[in-house]
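Notes follow the structure.
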Protein chains: 2
Amino acid sequence: MANPTIKDVAKMANVSIATVSLVIHDHKRISRVTKQKVLEAIERLNYYPSRSARGLVSQKTGNIGFILTNDHFLRTEPFYTNIFIGTEFEARENELYVLLTTVDSNFKDSDPLPRFILERNVDGIIIAGKVPSILTEKLCDFNLPLIFVDFQPVKRNCPVVVVDNNLGGKMATNHLIEYGHKNIGFVGGDIDHPSISERYKGYTAAMEQAKLTLNKNFIDFVEDYPARTNGFQAASRLFKNNKDITAVFACNDAMALGIIDYLKDNGKRVPEDVSVIGFDDVVSENSNGPSLSTIRVPKMEMGVEAMKLMSSFLKEGINHNKKVLVPVELIIRNSTQKI
Amino acid sequence: MANPTIKDVAKMANVSIATVSLVIHDHKRISRVTKQKVLEAIERLNYYPSRSARGLVSQKTGNIGFILTNDHFLRTEPFYTNIFIGTEFEARENELYVLLTTVDSNFKDSDPLPRFILERNVDGIIIAGKVPSILTEKLCDFNLPLIFVDFQPVKRNCPVVVVDNNLGGKMATNHLIEYGHKNIGFVGGDIDHPSISERYKGYTAAMEQAKLTLNKNFIDFVEDYPARTNGFQAASRLFKNNKDITAVFACNDAMALGIIDYLKDNGKRVPEDVSVIGFDDVVSENSNGPSLSTIRVPKMEMGVEAMKLMSSFLKEGINHNKKVLVPVELIIRNSTQKI
DNA sequence: CATAATTAGTTAAACGTTTAACTAAGGACA
DNA sequence: TGTCCTTAGTTAAACGTTTAACTAATTATG
């Protein structure tokens with residue numbers, strides 16, 4: 001049969017459609033023999049309930065929306081892609097599907113919300129990375145479960161999966177300090193971004209703890225997206241006036257690569273003359289040549305954790321406003337060395 | 001109102017729900033004034049039709065399934081991820097969503113099909129990369145539109161988006177030939193894979209055209225997945241007995257990197273002693289150090305093209321069994337040089 | 001002027017489930 | 001023996017749309 005429905009099963013098993021439905025949901029009011037009879041019919045007809053019909057009456061779609069900004073989506077760095085893959089992975093374990101969409105990086109009040117929300121086509125929403133707070137506000141009105149990953153909104157108190165950026169910043173800086181560096185630069189992106197400010201705080205904390213002077217000239221923040229070319233620019237500013245910097249901690253790998261580009265262009269060797277460490281570990285997999293020391297962020301795991309929070313909330317209904325802090329790891333490769 | 005339905009709109013506009021539906025579908029039987037009245041009510045109530053209800057009656061879900069194998073999914077190479085991203089991108093242009101799932105690389109007849117098919121939760125399926133033919137057979141039974149990307153099934157005649165692998169293989173080989181190389185090795189993966197065999201054919205064609213002898217000892221196929229470590233292994237076999245190879249064309253970038261790993265470990269310099277060229281261009285974005293010459297494959301565009309085929313089929317219903325051949329591009333970087 | 005055709009809308013069935021409320025048949029109990 | 005529980009199932013409404021078939025009013029046609 002083309003597409004058997006619950007009616008076909010009921011007919012074949014000689015019961016009402018309600019009975020079939022109850023069997024599917026393993027309801028206790030059904031006797032052993034009837035259950036068996038129905039299950040056989042289901043098997044023989046190769047019947048599966050229609051998602052649309054189910055969704056209509058139960059108001060559950062089995063879909064989770066995944067939102068990130070254009071910027072994060074289009075940058076080819078696989079950072080958010082890997083988080084997404086993680087959610088996909090865990091979704092499958094829980095019989096869910098993920099609908100991905102993007103919103104403009106400067107979402108306005110008048111902009112339409114993602115279609116899957118308006119059409120009530122998701123049971124919950126995972127938001128990855130920094131999004132405009134106006135968006136967060138609007139999403140909250142839909143009372144759909146909302147989970148943030150790699151970004152903690154300031155106002156709202158939602159379950160969140162974040163990297164221990166502060167610790168990571170400390171680890172990166174301490175690694176350079178342990179290698180004997182004293183004049184350690186920092187290159188950051190938008191300081192308003194929680195992740196970046198936390199990494200910066202880790203840097204300053206480590207420096208202070210080691211009783212190293214925090215030289216303002218050794219610190220550079222770019223306003224733009226923290227991309228490779230901006231790392232290059234930042235390095236040019238940094239090294240023009242500070243010939244004595246021997247190590248730089250970049251707030252992410254892309255900027256670290258830009259810094260290395262600059263140093264090479266200007267006759268400095270990495271790591272012989274200058275050590276450089278990044279953050280995120282997005283370079284490793286398919287790279288060639290001297291590799292980048294960095295702080296690894298478990299991107300897939302973050303997605304997995306976010307989806308776990310979502311799924312347990314949907315099943316158990318407890319909104320344990322949890323904050324999952326995923327661990328970071330120092331990865332020492334060939335862009336840092338002892339002084 | 002929490003979730004306005006078509007009834008609420010009808011009541012507010014003083015018409016029947018049918019009229020509201022007709023307005024939504026821009027049916028011509030509705031007068032200008034009524035249409036205006038209804039649109040206002042829709043606007044004021046902030047009404048959007050429910051996807052589930054719509055799906056139930058129209059038998060259209062607005063979702064497209066995207067299937068690839070575990071292997072392709074779990075390998076961290078961003079090849080298929082980028083194709084997926086491309087489908088996502090184009091999906092949004094066409095008011096569609098993409099449901100991603102994987103199947104086992106050796107899918108058996110008894111394995112269950114992806115849930116979104118059984119639950120009738122997709123309007124079409126895009127299959128990325130090589131999948132077991134038994135899966136293709138089973139999928140065909142559902143008469144859902146089926147589009148293949150980066151893989152052309154042998155038996156079935158479906159619309160397909162593929163790379164011009166043959167041309168790419170020629171381009172890579174010709175590049176080495178133009179650089180003066182004569183003893184050019186080839187490292188391939190599973191020769192049964194259409195993409196790989198095409199690349200190999202391109203290699204042999206270019207060699208023959210240049211009247212270079214095809215030395216069987218210069219050619220190595222690995223049986224396993226064409227990954228970095230396997231490239232290393234292949235190189236070790238190749239160079240053990242053939243000291244005079246000056247250039248290698250690897251069937252993909254991952255193997256090329258493995259070959260470079262081997263050469264470095266054995267005191268050979270790339271490109272000074274041996275030139276190496278890959279295929280796919282998956283290394284570029286975030287790499288460091290001497291970069292890999294390769295044949296670029298427009299991964300995102302492939303996804304876009306596949307979704308375009310799907311969307312136009314769903315709209316116009318013409319199954320123009322098209323074969324879209326996406327162009328490749330020679331990217332000369334620092335892993336190849338003139339002899 | 002009667003009839004046909006057109007226009008603009010309504011009615012009602014259908015899509016395939018879930019589930020609250022009901023029922024019928026036994027058995028337990030006073 | 002009549003009443004009350006249980007047990008195991010059924011009935012029917014509901015979910016929110018789409019759309020074929022219908023209707024009523026207006027306009028065109030012979």
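Note that the structure is predicted; figures quoted are calculated from it, not measured. Order of the sequence lines fixes the chain letters, A, B, ..., with proteins taken first and strands second; residue numbering starts at 1 for each chain.
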Between B:Ile17 and A:Thr19, which is nearer to the 5' end of DNA chain C once each is assigned its nearest nucleotide? B:Ile17
At a heavy-atom distance below 4.0 Å, which nucleotide of DNA chain D is the first touched by chain B, and which is the last? D:dG16 to D:dA21
Ignoring hydrogens and angles, state whether a donor on the side chain of A:Thr61 or A:Asn121 is under 3.5 Å from an acceptor on the partner side chain. no
Take A:Ser16 and A:Thr19, measure what side chain to side chain donor-acceptor pair (under 3.5 Å) needs, and give me the verdict at the end. CA-CA 5 Å; A:Ser16 71; A:Thr19 302; 3.1 Å; yes
When the nearest nucleotide of DNA chain D is assigned to A:Ser16 and to B:Arg54 on a heavy-atom basis, which residue is associated with the more 5' position? A:Ser16
Within a radius of less than 6.0 Å around NZ of A:Lys37, do more than 12 heavy atoms belonging to other residues, nucleotides or ligands occur? yes
For B:Ser50, which contact category applies under a 4.0 Å heavy-atom criterion: base, sugar-phosphate, or nothing? sugar-phosphate
Using a cut-off of 4.0 Å on non-hydrogen atoms, how would the nucleic acid contact of A:Ile24 be classed: base, sugar-phosphate, or nothing? nothing
What I want to find out is whether B:Asp141 reaches B:Lys138 closely enough, with some N-O distance under 4.0 Å, to be called a salt bridge. no
Is there a donor-acceptor pair under 3.5 Å between the side chain of A:Asp190 and the backbone N or O of A:Asp192? yes
Got more than 12 heavy atoms from elsewhere within 6.0 Å of CD, A:Glu316? yes
Would you call the rings of B:Phe116 and A:Tyr97 parallel, tilted or perpendicular if under 30° counts as parallel and over 60° as perpendicular? tilted
Answer yes or no: is there an ion pair linking B:Lys11 with B:Asp8, defined by an N-O contact shorter than 4.0 Å? no
Strand-adjacent residues in residues 27-42 of chain A, judged by heavy atoms under 4.0 Å from DNA chain D: A:Arg29, A:Ile30, A:Ser31, A:Thr34
